[in-house]
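Worksheet for the structure shown next.
Counting starts at 1 for both ligands and their atoms, following the listed order. Note that these values count all heavy atoms, side chains included, but never hydrogens, waters or copies made by symmetry. Just so you know, residue 1 is the first one in the sequence shown, and it goes up from there.
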Amino acid sequence: MIRQNMKKIVLGLSLLVGAGLLSGCGGEKKAEDGATKEMLKVGIVQLVEHESLDAANKGFVDGMAAKGFKENVNVIYDRQNAQADQSNLQNIAQRFVSTKMDLICAIATPAAQTMANATKEIPIVGTAITDYEAAKLVASSLEPKGNITGTTDMNPLQEQVELILKIVPTTKAIGVIYTSSEVNSQLQVDILKKILQEKNIEVIEATVSTVNDIQQAAQSLVGKVDAIYAPTDNIIASAMPNLASIAEPAKIPVFCGAGAMVKAGGVATVGIDYYKLGVQTGEMAARILAGEAQPATMPIEAQKEMQTIINLETIKRLGISIPEDILKAAK
Ligand code: TRP
């Protein structure tokens with residue numbers, strides 16, 4: 001298997017793969033033949049409960065199973081949710097390190113950052129992470145160089161802007177609401193600003209530090225913008241109803257980075273399927289556990305399939321009309 005794989009990966013990687021076997025990353029822990037007696041231990045840490053992240057979590061376990069690593073057959077999961085709390089993340093990281101996990105799956109940027117600080121040895125596979133380079137998790141997305149790899153959920157901002165302009169063609173100003181300390185959001189806002197600048201659309205920023213700031217931040221946009229954009233920001237996502245409670249009475253449509261946010265009170269998005277992203281991540285983890293690959297040389301992967309998602313109830317309450325072609329294509 002290793003030999004086949006080296007052919008695939010092409011030149012230059014053989015040394016690294018060899019080093020992985022020496023350091024006991026588990027070349028012998030193959031699942032396919034069921035001969036492994038030893039149970040592998042995999043820790044899954046999710047930043048907070050919400051639909052996108054839950055779906056990625058489930059996908060991860062299914063992706064692992066599809067590649068022969070089945071729960072309670074040859075792998076045991078330690079599932080942890082940090083409830084959006086940094087000190088919980090620290091405790092979970094300590095627990096995973098002291099119980100010597102064979103691999104860690106980290107869901108959302110802050111979770112991966114805390115795990116990365118806690119161990120340089122245990123392989124970490126991330127998912128639902130906007131950008132590994134911006135979050136300083138890898139040397140580069142093509143060649144991570146450390147113990148971290150995974151899948152990105154970077155959203156297609158260009159397509160999302162086009163969707164906004166199709167639904168609200170008269171847009172002159174867009175408000176963007178996000179958490180200033182989340183690098184994942186900051187990066188999306190930077191990209192959004194570039195796209196909108198080219199289109200001569202004004203961007204007005206409203207930042208929050210905690211969930212408690214959302215209503216005030218949203219209020220600051222009322223009367224100034226034709227639409228609001230909310231990136232895949234962990235704090236905003238957990239409080240979409242708060243945002244909607246200001247935006248809706250003011251008749252401002254909220255466009256979102258992810259489908260789950262649309263369901264929670266937004267209007268529309270074009271986005272990835274987080275379950276599929278999770279499956280892809282589980283398959284990456286399986287390659288690592290089978291000793292076929294090493295995070296250091298596994299490029300960050302993305303989900304290419306995108307889907308338009310609209311919330312008919314919000315749209316009805318706002319009284320906006322959606323072009324027929326979008327309605328047809330959307331879920
Ligand atoms: N991409 C976010 C991160 O890197 C996590 C995330 C995924 C998210 N889906 C989301 C946040 C939906 C808010 C809403 O941390």
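- Within 4.0 Å of ligand 1, protein heavy atoms belong to His50, Ser52, Leu53, Ala108, Thr109, Pro110, Ala128, Ile129, Thr130, Asp153, Asn184, Thr232, Asp233, Asn234, Ala237, Ala258, Met261, Tyr274, listed by chain and number.
- For Gln216, the CD atom is loosely surrounded, since the number of other residues' heavy atoms within 6.0 Å does not exceed 12.
- Looking at residues two or more places apart in sequence or on another chain, you find no side-chain hydrogen bond (donor to acceptor under 3.5 Å, both in side chains) involving Tyr77.
- Put simply, the side chain of Lys276 never gets that close to the backbone of Ile272: no donor and acceptor are under 3.5 Å apart.
- Of the possible donor and acceptor atoms, one in the side chain of Glu182 sits under 3.5 Å from a partner among the backbone N and O of Ile235.
- Taking the side-chain hydrogen bond (donor to acceptor under 3.5 Å, both in side chains) definition, one finds that Thr269 meets it with Gln160, sequence neighbours left out.
- Every residue was checked against the side-chain hydrogen bond (donor to acceptor under 3.5 Å, both in side chains) condition with Lys41, not counting sequence neighbours, and none meets it.
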